[in-house]
Enquirer: 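Quick one: structure below, then a few questions.
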Amino acid sequence: MLDVKLLRSQFDEVKEKLSQRNEDITALDQFGELDEKRRETIQAVEELKSRRNKVSQEISQMKRDKKDATDVIEEMQKVAADIKKLDEQLREVDEQLNHLLLTIPNIPHDSAPIGSDEEDNEEVRKWGEVRSFPFENKPHWELATDLDILDFERASKVTGSRFVFYKGLGARLERALINFMMDLHQDEHEYTEILPPYMVNRDSMTGTGQLPKFEEDAFKIREEDYFLIPTAEVPVTNLHRDEIMSMDDLPKTYTAYSACFRSEAGSAGRDTRGLIRQHQFNKVELVRFVKPEESYQQLELLTGHAEKILQLLQLPYRVLNMCTGDLGFTAAKKYDIEVWIPSNETYREISSCSNFESFQARRANIRFKRDTKAKAEYVHTLNGSGLAIGRTVAAILENYQQEDGSIEIPEVLRPYMGGKETIK
RNA sequence: GGAGAAGUACCCAAGUGGCUGAAGGGGCGCCCCUGCUAAGGGUGUAGGUCGCGUGAGCGGCGCGAGGGUUCAAAUCCCUCCUUCUCCGCCA
C-alpha cells in the first residue's frame, strides 16, 4: 500500500513511476476524487458529532438540575439521523478508497532497470562453471524416474497433475536440503528458525499483498476464510502484523521452512514435466524486518545468504536485477537468482529476493519506534527464498548426473544423507 | 462438538446509561534521600489514529471486532473472534 500523503502531494510523479510497471493502474485516476470526497464527508460528520457531544453534556446537566430537556432532545434526534446518513456515506467512500489503495502496486526503486518484461532484466553477476557433458545428459524427471526416487504418475492418480511423490533417497535428499539450508541460515547467518502454520486468514494474505488482487492464484479452504500459504513469507511477515517493535529489535530475521501451495492459474501447459512447477513444493524462506535507511544494504546481505547455498552446493547460477516491468506487485526492487538447469540449457529461477520497503509494513501495520517517545514509523520488510527445495533437487539431479544415470551427492549434503556419496 | 467464565491503555486492574480519556497499582520520566547493586520519599506523564490549521492548537474515533438501541454506551441488545476451565472426541 502506498502512502496516501505521498499520493496527495506528488500524484504525477508517483503515477509516472508506476507506469513503468507492467500493470494496469488506470484505477489510480480516481484517487483524487475519492480522497477529496472522503475528507469532505469526514469534516461534515465530525462537525455534527462535535455538536452532539456538546449538547449531550448540556442535556446531562439539565437532567441533573431537573430541568426539562424535551426540546433539545427532539432537535438532537434530527442531528443523530444526519450523522447516521453521513457515516454511511463515509463508510462507502472509505471502502472504495481502501480497495483502490490495495490494488495499486509498489513504486519501483530507482536502481531497478526500466523495462517492460524479462528481456529487460539486468544480469548482475554469474557464479560457477557450467558443466559440459561428455555424454547425452537427461532431464531430472527421467533420471529420477529411472532411479525410482520420484513418482509423478502415481501422484496424479492419488491427487492430480503437478503433484509428486518423493521416494527413498529422493525423499532423503529433499529432507537433507531442508536441514542443510535451515542449519546454515540459523547457525551462520543468524536467522531465528520458524515453523509456521500452512494456512492463514484473509488479513494475512492482504498484509503481504497476495490479496485482494491475486485470489485466483491461491488455494482457498472451503468452509473457512483460510488460504493455503503460497510461501512462508505470508505467515512469517504477518507474525508482527499490528505490532510496534523497538529499535533494538531491528533487524529482526527469520528463516522458515514450509510447504508452499500455488494454483498456477494462468500457467497451464508450462513446465508440465518435472519438479519445476508443482502445486505443492517445499521452500526455505528468509524474512527480514529492518530500519528504512538500511533496507537496500540488507537486500544485498539477504541475497548473499541465498547465494551462499548455491555456492556450497557448487551449482552455477546468475543473479538478475529485475526490471520495472517484471518486479511483481509488491517489490520495489528484486533480485532473482537463477540456477543452471542443463536440460533447459538455461538458468531457471530458484530464489527471488525482494525489498518491499514500507509497502507490506503499511498494509500489515508493522512499525517500530526509534525510542520510547518517538512516533512509530513503518519498518521495511524483505524476503527471499533460501532456497526453493524442489528446484534445487532438480538442479542437483541434472548437474550432478553421471553417465550411468546415477547422481553424485554434493559433498555438503553427505552428512545429511547418512554419508552416502551417490544415488544409484 | 457441548457447558461455563473472561477480553479495559506497556502490564495488572476498578468501573452496569450522562460529571470516565477512563479510579487504583505496577512500569516509565524527573527530583530528593540513602549509598553499594537493591531500597525509600516526592512529583510528573500517559497510547494510537483520522480530519482541520503554517503553527500553538482544535475536533472526531477509541474500553476484543462489527452491528443495533438511545439525545447520550466501557456500561443495554445482537453477531462474530480470541483466551481460560470442565466434559466429549482425537494425532
Side-chain angles (χ1 to χ4, degrees), chain A residues 1-10 31-102 195-207 211-212 221-227 235 238-250 252 259 358 361-379:
Chain A
M1 195 150 75
L2 300 183
D3 182 2
V4 172
K5 293 196 180 95
L6 185 74
L7 272 174
R8 255 178 225 155
S9 62
Q10 298 182 46
F31 172 78
E33 195 188 328
L34 285 172
D35 183 48
E36 202 168 312
K37 172 123 192 265
R38 171 171 174 271
R39 287 193 284 172
E40 273 171 15
T41 314
I42 286 176
Q43 281 178 53
V45 76
E46 288 194 353
E47 198 183 314
L48 288 181
K49 283 181 178 174
S50 176
R51 177 131 169 273
R52 177 179 70 183
N53 289 345
K54 220 172 285 165
V55 176
S56 283
Q57 295 289 307
E58 287 166 22
I59 293 172
S60 165
Q61 187 61 46
M62 287 165 87
K63 295 267 188 195
R64 264 175 275 136
D65 296 346
K66 306 263 190 269
K67 280 194 244 168
D68 176 45
T70 324
D71 289 353
V72 201
I73 287 174
E74 225 165 79
E75 193 200 330
M76 280 300 104
Q77 282 170 345
K78 243 178 61 204
V79 173
D82 289 346
I83 288 174
K84 196 166 184 177
K85 212 166 16 180
L86 283 172
D87 263 342
E88 178 59 25
Q89 277 176 31
L90 181 59
R91 207 187 51 76
E92 271 168 37
V93 182
D94 259 339
E95 204 169 281
Q96 286 173 38
L97 186 62
N98 204 24
H99 181 79
L100 181 136
L101 289 170
L102 287 174
L195 204 52
Y198 290 178
M199 295 182 203
V200 294
N201 59 30
R202 186 170 288 273
D203 284 345
S204 294
M205 289 287 275
T206 306
L211 297 181
I221 305 300
R222 199 174 291 282
E223 49 300 319
E224 299 275 354
D225 205 16
Y226 292 165
F227 299 84
N238 280 283
L239 252 183
H240 295 295
R241 173 150 53 84
D242 294 320
E243 288 183 17
I244 298 177
M245 304 180 183
S246 79
M247 190 75 157
D248 318 328
D249 293 335
L250 304 178
K252 205 181 245 308
S358 59
R362 194 168 268 116
R363 290 175 159 247
N365 193 27
I366 308 169
R367 294 171 297 170
F368 78 106
K369 282 186 173 186
R370 294 189 188 269
D371 59 75
T372 46
K373 290 269 189 223
K375 199 173 153 60
E377 301 171 50
Y378 290 109
V379 301

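Predicted, not measured: the structure shown is a model, and the values here were computed from it. Chain A is the first sequence line, chain B the second, and so forth, proteins listed ahead of strands; every chain is numbered from 1.
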Enquirer: On RNA chain B, does the nearest nucleotide to A:Lys5 precede the nearest nucleotide to A:Glu47 from the 5' side, or the other way round? Give the residue.
Expert: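 Here A:Lys5 is the residue nearer the 5' end.
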Enquirer: Less than 4.0 angstrom from a charged side-chain N to a carboxylate O is my criterion; do A:Arg91 and A:Glu88 meet it?
Expert: yes
Enquirer: Produce the list of close N/O pairs, under 3.5 Å, pairing protein atoms with atoms of nucleotides 71-73 of chain B; give distances to one decimal.
Expert:
unit_1 : atom_1 : unit_2  : atom_2 : d
B:C71  : OP1    : A:Gln77 : NE2    : 2.5
B:A72  : O4'    : A:Ser56 : OG     : 3.3

Enquirer: Which salt bridge (charged side-chain N to carboxylate O under 4.0 Å, His left out) pairs, counting each pair once, include a residue from residues 49-61 of chain A, with sequence neighbours left out?
Expert: A:Lys49-A:Asp87, A:Arg51-A:Glu75
Enquirer: Could you give me the stems involving RNA chain B, meaning stretches of three or more consecutive Watson-Crick or G-U wobble pairs whose two defining distances are both below 3.5 Å?
Expert: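 Paired runs of 3+ in RNA chain B: B:1-7 with B:81-87, B:10-12 with B:24-26, B:28-32 with B:40-44, B:48-52 with B:57-61, B:64-68 with B:76-80.
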Enquirer: Could you check how far CZ of A:Arg202 sits from P of B:C81, rounded to whole Å?
Expert: 16 Å
Enquirer: Does any part of the side chain of A:Asp3, heavy atoms only, come nearer than 4.5 Å to the side chain of A:Tyr378, both counted from C-beta?
Expert: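 No, side chains not in contact.
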Enquirer: Determine whether more than 12 heavy atoms belonging to other residues, nucleotides or ligands lie under 6.0 Å from atom OH of A:Tyr226.
Expert: no
Enquirer: Could you work out the separation of B:G2 and B:G17 based on their P atoms and round it to a whole Å?
Expert: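 Straight-line distance between the two P atoms is 33 Å.
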Enquirer: Nearest-Å distance, CD1 (A:Ile83) to P (B:U69)?
Expert: 13 Å
Enquirer: Provide the distance between the two C1' atoms, one in B:G18 and one in B:G25, to the nearest whole Å.
Expert: 28 Å
Enquirer: Output the rounded distance in Å from CZ (A:Arg91) to P (B:C61).
Expert: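 About 18 Å, once rounded to whole Å.
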Enquirer: Within the structure provided, determine whether A:Asn201 and A:Asp225 are in side-chain contact (heavy-atom separation under 4.5 Å).
Expert: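 A side-chain contact under 4.5 Å is absent here.
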Enquirer: CG of A:Leu86 versus C1' of B:G51: gap in Å, rounded?
Expert: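 Distance, rounded to whole Å: 14 Å.
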Enquirer: Which nucleotide wins on minimum distance to the side chain of A:Arg367, given the candidates B:G18, B:G68, B:U49?
Expert: B:U49
Enquirer: Remember a base hit wins even if backbone is also touched, and classify A:Lys78 as base, sugar-phosphate or nothing at under 4.0 Å, heavy atoms.
Expert: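 No contact.
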Enquirer: Please tell me if A:Lys369 has a side-chain N or O lying less than 4.0 Å from either OP1 or OP2 of B:G48.
Expert: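 For B:G48, OP1 or OP2 has a side-chain N or O of A:Lys369 closer than 4.0 Å.
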Enquirer: Does the side chain of A:Asn98 reach to within under 4.5 Å of the side chain of A:Met1, using non-hydrogen atoms?
Expert: yes
Enquirer: Syn if the chi torsion is within 90° of 0, anti otherwise; quick check, which is B:G27?
Expert: anti
Enquirer: Under the side chain to side chain contact (heavy atoms under 4.5 Å, CB included) criterion, do A:Leu7 and A:Asp35 qualify, and how do the steps go?
Expert: CA-CA 10 Å; A:Leu7 272 174; A:Asp35 183 48; over 6 Å; no
Enquirer: To the nearest Å, how far apart are A:Gln43 CD and B:G51 C1'?
Expert: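 Answer to the nearest Å: 6 Å.
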Enquirer: Could you tell me whether the side chain of A:Phe368 reaches within less than 4.5 Å of the side chain of A:Asp249, counting heavy atoms only?
Expert: no
Enquirer: Among the candidates B:C52, B:C19, B:C50, find the nucleotide nearest to the side-chain atoms of A:Arg38.
Expert: B:C50
Enquirer: What nucleotide, of B:G18, B:G60, B:G51, holds the atom closest to the side chain of A:Ser60?
Expert: B:G18
Enquirer: Atom CZ of A:Arg51 and atom P of B:C61: how far apart are they, to the nearest Å?
Expert: 15 Å
Enquirer: OP1 or OP2 of B:C81 sitting under 4.0 Å from any side-chain N/O of A:Asn201?
Expert: no
Enquirer: When you compare B:G55 with B:A13, how far apart are their C1' atoms, in angstrom units rounded to a whole number?
Expert: 39 Å
Enquirer: In whole angstrom, give the distance that lies between atom CD of A:Gln61 and atom C1' of B:G17.
Expert: 17 Å
Enquirer: Between B:G17 atom P and A:Asn53 atom CG, what is the distance in whole Å?
Expert: 20 Å
Enquirer: Taking side chain as C-beta onward, heavy atoms only, is A:Val79 less than 4.5 Å from A:Val55?
Expert: no
Enquirer: Using a 6.0 Å cut-off, check whether atom CD of A:Glu36 has over 12 heavy atoms from anything other than its own residue.
Expert: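 No, not enclosed.
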Enquirer: Quick one: is A:Arg39 getting a side-chain N or O under 4.0 Å of the B:C50 phosphate, OP1 or OP2?
Expert: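 No, outside the criterion.
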Enquirer: Do A:Glu46 and B:G59 share a donor-acceptor pair, side chain to base, under 3.5 Å?
Expert: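 In this structure, the two groups form a donor-acceptor pair.
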Enquirer: What verdict does the side chain to side chain contact (heavy atoms under 4.5 Å, CB included) test give for A:Leu34 and A:Leu100, after you've listed the backbone C-alpha separation in whole Å, the side-chain angles of each residue and the deciding distance to 0.1 Å?
Expert: CA-CA 9 Å; A:Leu34 285 172; A:Leu100 181 136; 4.3 Å; yes
Enquirer: Please check the phosphate of B:G18 (OP1 and OP2 only) for any side-chain N or O of A:Lys54 closer than 4.0 Å.
Expert: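 Negative; the distance criterion is not met.
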Enquirer: Reading RNA chain B from 5' onward, which residue's closest nucleotide shows up sooner: A:Ala376 or A:Lys84?
Expert: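 Result: A:Ala376.
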